[in-house]
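Everything numeric here is computed off the predicted structure, so don't read it as measured data. Per chain, numbering begins at 1; letters A, B, ... match sequence-line order. These values consider heavy atoms only, across backbone and side chains, with no hydrogens, waters or symmetry-generated copies.
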Amino acid sequence: MGERHSGDGLPGRRHAHPGGVLEGPEDADGDAGFEAAVAAVLRPGGVDRTAEERAVAAFRAARDSGALRTRTRRRDDWRPGRRAALPPRITLSVVLASLTLGGVAFAAVGSDGPQKHADGGERRAARPAVSAPRQPDTESAPTTPGARPSRPGHPATARDTLAHCRAYERVGGRGTALDATAWQRLVTAAGGEDEVAAYCAARTTPTHGPGTGSTGGEGKTGESGNNGNSGNSNTGNAGSTGNAGNTGEAGKAGGSGRAGGGAAGKK
Amino acid sequence: MRARDGELGAAVARAQDGDETAFAVAYRIVQPGLLGYLRGLVGEEAEDVAADAWLEIARDLGRFRGDGAGFRGWTATIARHRALDLLRRQRIRPRSTTLEQDVLDLPGPHSTHEQALESLSTERALELVRALPRDQAEAVLLRVVVGLDGPAVARVLGKRPGAVRTAAYRGLKRLARQLGAAGTADAGVTDDGPRTLGESE
(Lines give C-alpha, C1' and ligand atoms only; values in the text may rest on other atoms or scores of the structure.)
Protein backbone atom coordinates (compact mmCIF):
# COMPACT_ATOMS: atom_id res chain seq x y z
CA MET A 1 0.00 0.00 0.00
CA GLY A 2 2.56 2.53 1.16
CA GLU A 3 4.98 1.88 -1.63
CA ARG A 4 2.21 2.05 -4.19
CA HIS A 5 1.65 5.65 -3.22
CA SER A 6 5.25 6.64 -3.86
CA GLY A 7 5.22 9.18 -6.66
CA ASP A 8 7.71 7.76 -9.13
CA GLY A 9 6.46 4.21 -8.97
CA LEU A 10 2.83 5.00 -9.71
CA PRO A 11 2.73 5.23 -13.52
CA GLY A 12 4.86 2.17 -14.11
CA ARG A 13 2.73 0.11 -11.81
CA ARG A 14 -0.38 1.28 -13.50
CA HIS A 15 0.90 0.07 -16.82
CA ALA A 16 2.17 -3.15 -15.36
CA HIS A 17 -1.19 -4.01 -13.80
CA PRO A 18 -3.88 -2.59 -16.03
CA GLY A 19 -6.45 -5.06 -14.79
CA GLY A 20 -5.41 -4.78 -11.18
CA VAL A 21 -7.54 -4.39 -8.10
CA LEU A 22 -10.30 -1.88 -8.54
CA GLU A 23 -9.65 0.96 -6.20
CA GLY A 24 -12.50 1.96 -3.94
CA PRO A 25 -13.24 5.51 -2.97
CA GLU A 26 -11.12 5.19 0.16
CA ASP A 27 -8.21 4.08 -1.96
CA ALA A 28 -8.66 6.95 -4.37
CA ASP A 29 -6.68 9.34 -2.19
CA GLY A 30 -3.61 7.79 -3.75
CA ASP A 31 -4.65 9.69 -6.86
CA ALA A 32 -5.55 12.84 -4.98
CA GLY A 33 -2.54 14.64 -6.35
CA PHE A 34 -3.42 13.66 -9.88
CA GLU A 35 -7.05 14.67 -9.43
CA ALA A 36 -6.04 18.00 -7.96
CA ALA A 37 -3.73 18.63 -10.89
CA VAL A 38 -6.46 17.82 -13.40
CA ALA A 39 -8.88 20.04 -11.50
CA ALA A 40 -6.35 22.89 -11.42
CA VAL A 41 -5.94 22.64 -15.19
CA LEU A 42 -9.64 22.37 -16.01
CA ARG A 43 -11.05 24.90 -13.57
CA PRO A 44 -10.78 28.43 -14.88
CA GLY A 45 -8.79 30.64 -12.54
CA GLY A 46 -11.00 33.68 -12.40
CA VAL A 47 -14.61 34.61 -13.00
CA ASP A 48 -15.78 36.70 -15.90
CA ARG A 49 -17.14 39.94 -14.40
CA THR A 50 -19.69 40.51 -17.11
CA ALA A 51 -21.12 37.03 -16.75
CA GLU A 52 -21.30 37.47 -12.99
CA GLU A 53 -23.14 40.75 -13.32
CA ARG A 54 -25.63 39.19 -15.70
CA ALA A 55 -26.28 36.41 -13.22
CA VAL A 56 -26.72 38.83 -10.33
CA ALA A 57 -29.06 40.95 -12.42
CA ALA A 58 -31.14 37.87 -13.16
CA PHE A 59 -31.22 37.09 -9.46
CA ARG A 60 -32.37 40.62 -8.65
CA ALA A 61 -35.14 40.44 -11.20
CA ALA A 62 -36.29 37.05 -9.92
CA ARG A 63 -36.21 38.23 -6.32
CA ASP A 64 -38.20 41.35 -7.10
CA SER A 65 -40.83 39.35 -8.91
CA GLY A 66 -41.33 37.15 -5.86
CA ALA A 67 -39.66 34.07 -7.32
CA LEU A 68 -37.85 33.34 -4.04
CA ARG A 69 -41.10 32.18 -2.47
CA THR A 70 -41.77 29.44 -4.99
CA ARG A 71 -42.50 25.90 -4.00
CA THR A 72 -39.70 23.33 -3.64
CA ARG A 73 -39.92 20.46 -6.09
CA ARG A 74 -38.42 17.07 -5.44
CA ARG A 75 -35.48 17.75 -7.69
CA ASP A 76 -34.69 20.94 -5.76
CA ASP A 77 -34.34 19.15 -2.45
CA TRP A 78 -30.68 18.40 -1.93
CA ARG A 79 -30.71 18.16 1.85
CA PRO A 80 -28.26 15.47 2.99
CA GLY A 81 -30.93 12.97 4.02
CA ARG A 82 -32.63 13.08 0.64
CA ARG A 83 -29.53 12.83 -1.45
CA ALA A 84 -29.67 9.05 -1.54
CA ALA A 85 -33.06 9.21 -3.26
CA LEU A 86 -32.91 7.09 -6.39
CA PRO A 87 -34.06 8.33 -9.75
CA PRO A 88 -37.54 7.06 -10.69
CA ARG A 89 -36.27 4.62 -13.30
CA ILE A 90 -34.05 2.85 -10.78
CA THR A 91 -36.78 2.85 -8.16
CA LEU A 92 -39.09 1.19 -10.68
CA SER A 93 -36.52 -1.48 -11.50
CA VAL A 94 -35.98 -2.16 -7.78
CA VAL A 95 -39.72 -2.59 -7.32
CA LEU A 96 -39.92 -4.91 -10.32
CA ALA A 97 -36.94 -6.93 -9.07
CA SER A 98 -38.50 -7.36 -5.64
CA LEU A 99 -41.78 -8.39 -7.21
CA THR A 100 -39.99 -10.94 -9.37
CA LEU A 101 -38.03 -12.36 -6.47
CA GLY A 102 -41.15 -12.38 -4.35
CA GLY A 103 -42.95 -14.28 -7.09
CA VAL A 104 -40.14 -16.81 -7.26
CA ALA A 105 -40.28 -17.25 -3.49
CA PHE A 106 -44.05 -17.64 -3.63
CA ALA A 107 -43.80 -20.17 -6.43
CA ALA A 108 -41.17 -22.06 -4.47
CA VAL A 109 -43.44 -22.20 -1.43
CA GLY A 110 -46.34 -23.23 -3.60
CA SER A 111 -44.40 -26.03 -5.27
CA ASP A 112 -42.96 -27.16 -1.98
CA GLY A 113 -46.33 -27.37 -0.24
CA PRO A 114 -48.04 -30.21 -2.17
CA GLN A 115 -44.82 -32.18 -2.22
CA LYS A 116 -44.57 -32.09 1.53
CA HIS A 117 -48.24 -32.82 1.78
CA ALA A 118 -47.90 -35.95 -0.32
CA ASP A 119 -44.90 -36.98 1.71
CA GLY A 120 -46.76 -36.36 4.95
CA GLY A 121 -49.71 -38.25 3.62
CA GLU A 122 -47.50 -41.23 2.98
CA ARG A 123 -45.99 -40.92 6.41
CA ARG A 124 -49.35 -40.59 8.04
CA ALA A 125 -50.45 -43.72 6.27
CA ALA A 126 -47.40 -45.60 7.47
CA ARG A 127 -47.05 -44.25 10.99
CA PRO A 128 -50.29 -45.44 12.52
CA ALA A 129 -49.33 -48.91 11.40
CA VAL A 130 -46.14 -48.62 13.43
CA SER A 131 -47.59 -46.96 16.47
CA ALA A 132 -50.88 -48.83 16.54
CA PRO A 133 -49.76 -51.70 18.76
CA ARG A 134 -47.85 -49.38 21.06
CA GLN A 135 -50.74 -47.11 21.74
CA PRO A 136 -52.41 -49.22 24.44
CA ASP A 137 -49.11 -49.43 26.36
CA THR A 138 -48.41 -45.75 26.27
CA GLU A 139 -51.88 -44.76 27.34
CA SER A 140 -51.09 -45.02 31.03
CA ALA A 141 -47.75 -43.25 30.84
CA PRO A 142 -46.83 -41.16 27.77
CA THR A 143 -43.21 -41.60 26.73
CA THR A 144 -42.51 -37.91 26.47
CA PRO A 145 -44.75 -35.97 28.80
CA GLY A 146 -42.81 -32.77 28.17
CA ALA A 147 -43.16 -32.99 24.42
CA ARG A 148 -46.66 -33.27 23.02
CA PRO A 149 -48.78 -35.51 25.16
CA SER A 150 -51.89 -34.67 23.17
CA ARG A 151 -50.39 -36.35 20.10
CA PRO A 152 -49.22 -39.80 21.10
CA GLY A 153 -48.78 -40.87 17.49
CA HIS A 154 -46.38 -38.05 16.70
CA PRO A 155 -43.24 -39.34 14.93
CA ALA A 156 -40.92 -37.54 17.33
CA THR A 157 -42.26 -39.57 20.25
CA ALA A 158 -41.69 -42.88 18.54
CA ARG A 159 -38.28 -41.82 17.45
CA ASP A 160 -37.40 -40.65 20.95
CA THR A 161 -38.45 -43.93 22.45
CA LEU A 162 -36.45 -45.86 19.88
CA ALA A 163 -33.42 -43.68 20.54
CA HIS A 164 -33.73 -44.20 24.26
CA CYS A 165 -34.05 -47.94 23.78
CA ARG A 166 -31.01 -48.09 21.51
CA ALA A 167 -29.04 -46.06 24.03
CA TYR A 168 -30.23 -48.48 26.72
CA GLU A 169 -29.08 -51.43 24.66
CA ARG A 170 -25.74 -49.83 23.98
CA VAL A 171 -24.89 -49.23 27.63
CA GLY A 172 -25.94 -52.79 28.38
CA GLY A 173 -28.54 -52.17 31.05
CA ARG A 174 -26.36 -49.96 33.23
CA GLY A 175 -29.13 -47.45 33.61
CA THR A 176 -27.20 -44.88 35.56
CA ALA A 177 -25.00 -44.18 32.54
CA LEU A 178 -27.99 -42.87 30.60
CA ASP A 179 -29.08 -39.31 30.58
CA ALA A 180 -31.11 -39.00 33.74
CA THR A 181 -34.24 -37.42 32.30
CA ALA A 182 -34.39 -39.67 29.30
CA TRP A 183 -33.79 -42.68 31.49
CA GLN A 184 -36.55 -41.67 33.86
CA ARG A 185 -38.92 -41.24 30.97
CA LEU A 186 -38.05 -44.62 29.60
CA VAL A 187 -38.54 -46.24 33.03
CA THR A 188 -41.83 -44.46 33.45
CA ALA A 189 -42.97 -45.51 29.98
CA ALA A 190 -41.93 -49.11 30.59
CA GLY A 191 -43.63 -49.18 33.98
CA GLY A 192 -40.55 -49.96 36.04
CA GLU A 193 -36.80 -50.37 35.77
CA ASP A 194 -37.04 -54.11 35.29
CA GLU A 195 -39.54 -53.76 32.52
CA VAL A 196 -37.32 -51.61 30.32
CA ALA A 197 -35.66 -54.47 28.50
CA ALA A 198 -38.96 -56.08 27.61
CA TYR A 199 -40.49 -52.74 26.77
CA CYS A 200 -37.69 -51.89 24.42
CA ALA A 201 -37.74 -55.30 22.82
CA ALA A 202 -41.42 -54.80 22.12
CA ARG A 203 -40.74 -51.34 20.73
CA THR A 204 -37.82 -52.10 18.46
CA THR A 205 -38.80 -55.46 17.02
CA PRO A 206 -42.21 -54.81 15.38
CA THR A 207 -40.88 -51.84 13.46
CA HIS A 208 -38.41 -53.92 11.54
CA GLY A 209 -40.16 -57.28 11.62
CA PRO A 210 -43.20 -58.48 9.71
CA GLY A 211 -46.66 -57.19 10.53
CA THR A 212 -48.37 -53.92 9.98
CA GLY A 213 -45.10 -52.18 9.24
CA SER A 214 -44.52 -54.38 6.21
CA THR A 215 -47.89 -53.34 4.89
CA GLY A 216 -46.62 -49.77 4.89
CA GLY A 217 -43.63 -50.93 2.92
CA GLU A 218 -45.80 -52.44 0.24
CA GLY A 219 -47.71 -49.22 0.09
CA LYS A 220 -44.42 -47.65 -0.76
CA THR A 221 -43.93 -50.08 -3.60
CA GLY A 222 -47.20 -48.88 -5.04
CA GLU A 223 -45.91 -45.37 -4.80
CA SER A 224 -42.73 -46.14 -6.68
CA GLY A 225 -44.90 -47.43 -9.49
CA ASN A 226 -46.62 -44.09 -9.38
CA ASN A 227 -43.31 -42.27 -9.74
CA GLY A 228 -42.43 -44.28 -12.78
CA ASN A 229 -45.65 -43.21 -14.36
CA SER A 230 -45.28 -39.54 -13.73
CA GLY A 231 -44.83 -38.93 -17.46
CA ASN A 232 -48.36 -40.05 -18.25
CA SER A 233 -50.88 -38.00 -16.43
CA ASN A 234 -53.83 -40.40 -16.41
CA THR A 235 -51.99 -43.57 -15.54
CA GLY A 236 -50.06 -41.66 -12.94
CA ASN A 237 -53.29 -40.90 -11.17
CA ALA A 238 -54.15 -44.55 -11.22
CA GLY A 239 -50.86 -45.25 -9.56
CA SER A 240 -51.50 -42.77 -6.82
CA THR A 241 -54.77 -44.49 -6.11
CA GLY A 242 -52.72 -47.59 -5.58
CA ASN A 243 -50.58 -45.69 -3.13
CA ALA A 244 -53.53 -44.53 -1.09
CA GLY A 245 -54.57 -48.10 -0.58
CA ASN A 246 -52.27 -49.59 2.01
CA THR A 247 -52.11 -53.17 0.77
CA GLY A 248 -49.69 -54.89 -1.53
CA GLU A 249 -52.41 -55.44 -4.10
CA ALA A 250 -52.84 -51.73 -4.45
CA GLY A 251 -49.16 -51.47 -5.19
CA LYS A 252 -49.61 -54.07 -7.91
CA ALA A 253 -52.43 -52.01 -9.32
CA GLY A 254 -49.93 -49.18 -9.60
CA GLY A 255 -47.60 -51.50 -11.48
CA SER A 256 -50.26 -52.51 -13.95
CA GLY A 257 -51.06 -48.87 -14.37
CA ARG A 258 -47.52 -48.35 -15.49
CA ALA A 259 -47.82 -51.12 -18.03
CA GLY A 260 -50.90 -49.44 -19.42
CA GLY A 261 -49.05 -46.19 -19.59
CA GLY A 262 -46.29 -47.78 -21.60
CA ALA A 263 -48.80 -49.11 -24.11
CA ALA A 264 -50.41 -45.73 -24.38
CA GLY A 265 -47.03 -44.20 -24.97
CA LYS A 266 -46.33 -46.66 -27.76
CA LYS A 267 -49.52 -45.81 -29.48
CA MET B 1 -13.28 23.46 -3.41
CA ARG B 2 -15.17 21.30 -0.94
CA ALA B 3 -13.48 23.27 1.81
CA ARG B 4 -15.61 26.27 0.86
CA ASP B 5 -18.89 24.38 1.13
CA GLY B 6 -19.65 25.93 4.51
CA GLU B 7 -19.13 29.43 3.17
CA LEU B 8 -21.15 28.54 0.09
CA GLY B 9 -24.04 27.19 2.15
CA ALA B 10 -24.18 30.37 4.22
CA ALA B 11 -24.07 32.54 1.09
CA VAL B 12 -26.89 30.56 -0.51
CA ALA B 13 -29.02 30.88 2.61
CA ARG B 14 -28.55 34.65 2.66
CA ALA B 15 -29.23 34.88 -1.06
CA GLN B 16 -32.48 33.00 -0.53
CA ASP B 17 -33.38 35.76 1.90
CA GLY B 18 -32.83 38.26 -0.89
CA ASP B 19 -29.18 39.25 -0.41
CA GLU B 20 -27.76 39.84 -3.89
CA THR B 21 -24.18 40.25 -2.60
CA ALA B 22 -24.45 36.78 -1.13
CA PHE B 23 -25.69 35.54 -4.49
CA ALA B 24 -22.57 36.99 -6.11
CA VAL B 25 -20.41 35.21 -3.52
CA ALA B 26 -22.13 31.91 -4.31
CA TYR B 27 -21.64 32.57 -8.02
CA ARG B 28 -17.91 33.11 -7.61
CA ILE B 29 -17.53 29.93 -5.59
CA VAL B 30 -19.56 27.72 -7.93
CA GLN B 31 -18.90 29.14 -11.40
CA PRO B 32 -15.31 27.88 -11.98
CA GLY B 33 -16.24 24.25 -11.37
CA LEU B 34 -19.45 24.60 -13.35
CA LEU B 35 -17.62 26.14 -16.27
CA GLY B 36 -14.94 23.46 -16.19
CA TYR B 37 -17.63 20.78 -16.27
CA LEU B 38 -19.46 22.47 -19.13
CA ARG B 39 -16.25 22.87 -21.13
CA GLY B 40 -15.80 19.14 -20.90
CA LEU B 41 -19.36 18.64 -22.11
CA VAL B 42 -19.86 21.28 -24.79
CA GLY B 43 -16.43 22.82 -25.37
CA GLU B 44 -16.50 26.40 -26.58
CA GLU B 45 -20.20 26.77 -25.90
CA ALA B 46 -19.57 26.39 -22.17
CA GLU B 47 -19.80 30.12 -21.34
CA ASP B 48 -23.14 30.50 -23.09
CA VAL B 49 -24.57 27.38 -21.51
CA ALA B 50 -23.33 28.53 -18.09
CA ALA B 51 -25.01 31.90 -18.57
CA ASP B 52 -28.30 30.17 -19.42
CA ALA B 53 -27.90 27.89 -16.42
CA TRP B 54 -27.35 30.86 -14.10
CA LEU B 55 -30.53 32.51 -15.33
CA GLU B 56 -32.40 29.39 -14.30
CA ILE B 57 -30.48 29.14 -11.03
CA ALA B 58 -31.33 32.73 -10.17
CA ARG B 59 -34.98 32.20 -11.07
CA ASP B 60 -35.35 28.95 -9.08
CA LEU B 61 -33.10 29.73 -6.13
CA GLY B 62 -36.13 30.01 -3.85
CA ARG B 63 -36.99 26.39 -4.58
CA PHE B 64 -33.60 25.01 -3.57
CA ARG B 65 -33.21 23.21 -0.25
CA GLY B 66 -29.83 22.04 1.03
CA ASP B 67 -26.32 22.98 2.08
CA GLY B 68 -23.27 24.13 0.12
CA ALA B 69 -22.47 20.67 -1.26
CA GLY B 70 -26.12 20.27 -2.21
CA PHE B 71 -26.01 23.60 -4.03
CA ARG B 72 -23.11 22.35 -6.13
CA GLY B 73 -25.12 19.29 -7.08
CA TRP B 74 -28.28 21.25 -7.77
CA THR B 75 -26.52 23.80 -9.98
CA ALA B 76 -24.59 21.06 -11.78
CA THR B 77 -27.88 19.32 -12.58
CA ILE B 78 -29.33 22.51 -14.05
CA ALA B 79 -26.18 23.18 -16.06
CA ARG B 80 -26.15 19.61 -17.32
CA HIS B 81 -29.72 19.83 -18.57
CA ARG B 82 -28.85 23.00 -20.43
CA ALA B 83 -25.77 21.38 -21.93
CA LEU B 84 -27.69 18.30 -23.03
CA ASP B 85 -30.33 20.53 -24.61
CA LEU B 86 -27.59 22.19 -26.62
CA LEU B 87 -26.02 18.89 -27.60
CA ARG B 88 -29.40 17.64 -28.80
CA ARG B 89 -29.94 20.75 -30.84
CA GLN B 90 -26.50 20.78 -32.41
CA ARG B 91 -25.93 17.05 -32.45
CA ILE B 92 -22.40 17.57 -31.30
CA ARG B 93 -20.50 14.38 -30.89
CA PRO B 94 -18.53 14.66 -27.64
CA ARG B 95 -16.14 11.89 -28.66
CA SER B 96 -13.19 12.32 -30.96
CA THR B 97 -12.40 10.01 -33.85
CA THR B 98 -11.36 6.42 -33.33
CA LEU B 99 -7.98 6.99 -34.92
CA GLU B 100 -7.10 9.73 -32.51
CA GLN B 101 -8.37 7.59 -29.68
CA ASP B 102 -5.94 4.82 -30.58
CA VAL B 103 -3.02 7.19 -30.69
CA LEU B 104 -3.97 8.60 -27.31
CA ASP B 105 -4.18 5.14 -25.81
CA LEU B 106 -0.50 4.44 -26.38
CA PRO B 107 1.25 4.38 -23.03
CA GLY B 108 4.18 6.65 -22.38
CA PRO B 109 6.89 4.55 -20.79
CA HIS B 110 9.25 7.16 -19.38
CA SER B 111 7.07 10.04 -18.29
CA THR B 112 5.41 10.57 -14.96
CA HIS B 113 2.14 12.33 -14.27
CA GLU B 114 4.04 15.21 -12.75
CA GLN B 115 6.06 15.76 -15.90
CA ALA B 116 3.01 15.39 -18.10
CA LEU B 117 0.91 17.72 -15.98
CA GLU B 118 3.59 20.39 -15.93
CA SER B 119 3.36 20.80 -19.66
CA LEU B 120 -0.38 20.22 -19.84
CA SER B 121 -2.43 23.06 -21.22
CA THR B 122 -6.11 23.51 -20.48
CA GLU B 123 -6.90 22.85 -24.13
CA ARG B 124 -4.94 19.62 -24.14
CA ALA B 125 -6.53 18.45 -20.88
CA LEU B 126 -10.01 19.21 -22.21
CA GLU B 127 -9.21 17.36 -25.38
CA LEU B 128 -8.20 14.32 -23.37
CA VAL B 129 -11.26 14.47 -21.14
CA ARG B 130 -13.61 14.88 -24.05
CA ALA B 131 -12.01 11.91 -25.75
CA LEU B 132 -13.26 9.74 -22.88
CA PRO B 133 -16.59 7.96 -23.17
CA ARG B 134 -19.31 10.34 -22.09
CA ASP B 135 -20.19 8.60 -18.81
CA GLN B 136 -16.54 8.49 -17.74
CA ALA B 137 -15.89 12.07 -18.74
CA GLU B 138 -18.91 13.33 -16.83
CA ALA B 139 -18.13 11.28 -13.74
CA VAL B 140 -14.55 12.56 -13.69
CA LEU B 141 -15.57 16.17 -14.28
CA LEU B 142 -18.32 16.19 -11.66
CA ARG B 143 -16.11 14.61 -9.08
CA VAL B 144 -12.80 16.29 -9.78
CA VAL B 145 -13.75 19.64 -11.26
CA VAL B 146 -17.13 20.41 -9.69
CA GLY B 147 -16.12 18.71 -6.43
CA LEU B 148 -19.16 16.49 -5.85
CA ASP B 149 -19.07 13.37 -3.73
CA GLY B 150 -20.10 9.96 -5.10
CA PRO B 151 -23.82 10.02 -4.22
CA ALA B 152 -24.17 13.57 -5.55
CA VAL B 153 -22.51 12.64 -8.85
CA ALA B 154 -24.86 9.68 -9.10
CA ARG B 155 -27.88 11.91 -8.53
CA VAL B 156 -26.78 14.46 -11.11
CA LEU B 157 -26.25 11.73 -13.69
CA GLY B 158 -29.32 9.71 -12.67
CA LYS B 159 -27.27 6.58 -12.18
CA ARG B 160 -26.38 4.21 -9.39
CA PRO B 161 -23.47 5.30 -7.15
CA GLY B 162 -21.58 2.08 -7.93
CA ALA B 163 -21.78 2.62 -11.68
CA VAL B 164 -20.66 6.22 -11.28
CA ARG B 165 -17.75 5.25 -9.06
CA THR B 166 -16.59 2.71 -11.60
CA ALA B 167 -16.94 5.21 -14.44
CA ALA B 168 -14.94 7.84 -12.55
CA TYR B 169 -12.23 5.35 -11.71
CA ARG B 170 -11.93 4.12 -15.27
CA GLY B 171 -11.98 7.63 -16.63
CA LEU B 172 -9.23 8.81 -14.30
CA LYS B 173 -7.15 5.75 -15.04
CA ARG B 174 -7.50 6.24 -18.76
CA LEU B 175 -6.77 9.92 -18.40
CA ALA B 176 -3.59 9.16 -16.46
CA ARG B 177 -2.49 6.72 -19.13
CA GLN B 178 -3.22 9.18 -21.91
CA LEU B 179 -1.44 11.95 -20.06
CA GLY B 180 1.66 9.81 -20.08
CA ALA B 181 1.35 9.38 -23.83
CA ALA B 182 0.51 13.02 -24.38
CA GLY B 183 3.45 14.12 -22.25
CA THR B 184 6.01 12.34 -24.39
CA ALA B 185 4.28 13.12 -27.66
CA ASP B 186 4.11 16.82 -26.90
CA ALA B 187 7.55 17.10 -25.35
CA GLY B 188 9.38 18.59 -28.33
CA VAL B 189 6.43 20.20 -30.05
CA THR B 190 4.16 22.16 -27.76
CA ASP B 191 5.92 22.77 -24.50
CA ASP B 192 3.84 25.73 -23.43
CA GLY B 193 0.86 25.48 -25.64
CA PRO B 194 0.23 26.86 -29.11
CA ARG B 195 1.87 30.22 -28.45
CA THR B 196 5.38 28.81 -28.57
CA LEU B 197 4.78 26.69 -31.59
CA GLY B 198 6.22 29.12 -34.11
CA GLU B 199 9.17 30.31 -32.06
CA SER B 200 10.50 27.05 -30.74
CA GLU B 201 14.09 26.14 -31.67
Side-chain angles (χ1 to χ4, degrees), chain A residues 7-8 10-12 14-15 18 22-25 27-28 31 33-48 50-73 75-80 82-90, chain B residues 1 15-16 18 20 23-24 27-28 31-33 35-36 39-40 47 50-51 54-55 57-67 70-71 73-74 77 107 109 111-114 117 120-122 125-126 129 140-141 143-145 150-152 155 158 160 165-166 169 172-173 175-177 180:
Chain A
D8 56 344
L10 192 57
R14 277 173 171 278
H15 294 143
L22 189 71
E23 289 171 283
D27 203 0
D31 290 325
F34 174 65
E35 289 187 24
V38 171
V41 172
L42 289 179
R43 284 166 65 94
V47 163
D48 180 18
T50 320
E52 179 188 323
E53 279 163 20
R54 267 212 311 270
V56 173
F59 168 77
R60 206 181 297 121
R63 179 195 61 194
D64 294 345
S65 69
L68 289 180
R69 289 182 296 278
T70 44
R71 194 172 50 86
T72 298
R73 298 157 303 186
R75 66 169 180 267
D76 303 314
D77 193 347
W78 279 74
R79 282 173 288 188
R82 327 270 171 124
R83 262 201 269 171
L86 290 168
R89 207 176 56 189
I90 293 177
Chain B
M1 60 203 103
Q16 285 183 311
E20 67 179 68
F23 182 83
Y27 178 92
R28 278 176 223 143
Q31 169 70 356
L35 201 54
R39 278 180 181 168
E47 275 81 3
W54 276 105
L55 294 184
I57 291 165
R59 191 193 69 205
D60 286 345
L61 186 68
R63 299 180 187 270
F64 170 75
R65 294 286 176 274
D67 55 9
F71 188 71
W74 183 68
T77 307
S111 71
T112 64
H113 292 155
E114 285 73 18
L117 286 165
L120 185 69
S121 65
T122 302
L126 276 173
V129 168
V140 168
L141 287 166
R143 172 171 149 179
V144 173
V145 179
R155 182 171 172 181
R160 279 174 293 112
R165 199 165 52 231
T166 307
Y169 168 70
L172 281 169
K173 199 175 156 187
L175 207 55
R177 201 168 58 225

Sorted by chain and number, sequence neighbours left out, side chain to side chain contact (heavy atoms under 4.5 Å, CB included) with A:A62 holds for A:A67
Check: For B:F64, does its backbone N or O pair with a side-chain atom of A:T72 as donor and acceptor, under 3.5 Å?
Finding: no
Tightest non-hydrogen contact, residues A:L68 and B:A15, listed as CD1-O, 3.8 Å
Applying a strict 4.5 Å limit to non-hydrogen atoms, the region of B:V140 in contact with chain A is neither
When the 4.5 angstrom heavy-atom criterion is applied to A:V47 and chain B, the contacting part is side chain
Open item on the list: Using only atom types and a distance under 3.5 Å, with no angle test, would you say the side chain of B:T122 pairs donor to acceptor with the backbone of A:V41?
Closed with: yes
Whatever's closer than 4.5 Å to a heavy atom in chain A on B:R39 counts as side chain
Answer key: most heavy-atom pairs under 4.5 Å with chain A among B:G150, B:A51, B:G73 is B:G73
Interatomic distance, CH2@A:W78 vs CZ@B:F71, rounded to 0.5 Å, equals 12.0 Å
Closest heavy-atom pair, A:R43 versus B:P32, reported as atoms and distance to 0.1 Å, is NH2-CB, 4.0 Å
So do the side chains of B:L172 and A:E35 get within less than 4.5 Å of each other, counting heavy atoms only? yes
Heavy-atom closest pair (A:P44 atom, B:L35 atom, distance to 0.1 Å) is CG-CD2, 3.8 Å
Value for CZ (B:R65) from CG (A:D77), rounded to nearest 0.5 Å, stands at 8.0 Å
For this session: For the residue pair B:E20 and A:R63, establish whether any side-chain heavy-atom pair is separated by less than 4.5 Å.
Result: yes
Honestly, the part of B:L141 sitting under 4.5 Å from a heavy atom of chain A is side chain
Closest non-hydrogen contact found for B:A58 with A:A58 is CB-C, 3.7 Å
Residues at least two apart in sequence or cross-chain that pass salt bridge (charged side-chain N to carboxylate O under 4.0 Å, His left out) with A:R73, listed by chain then number, are A:D76, B:D60
Whatever's closer than 4.5 Å to a heavy atom in chain A on B:A50 counts as neither
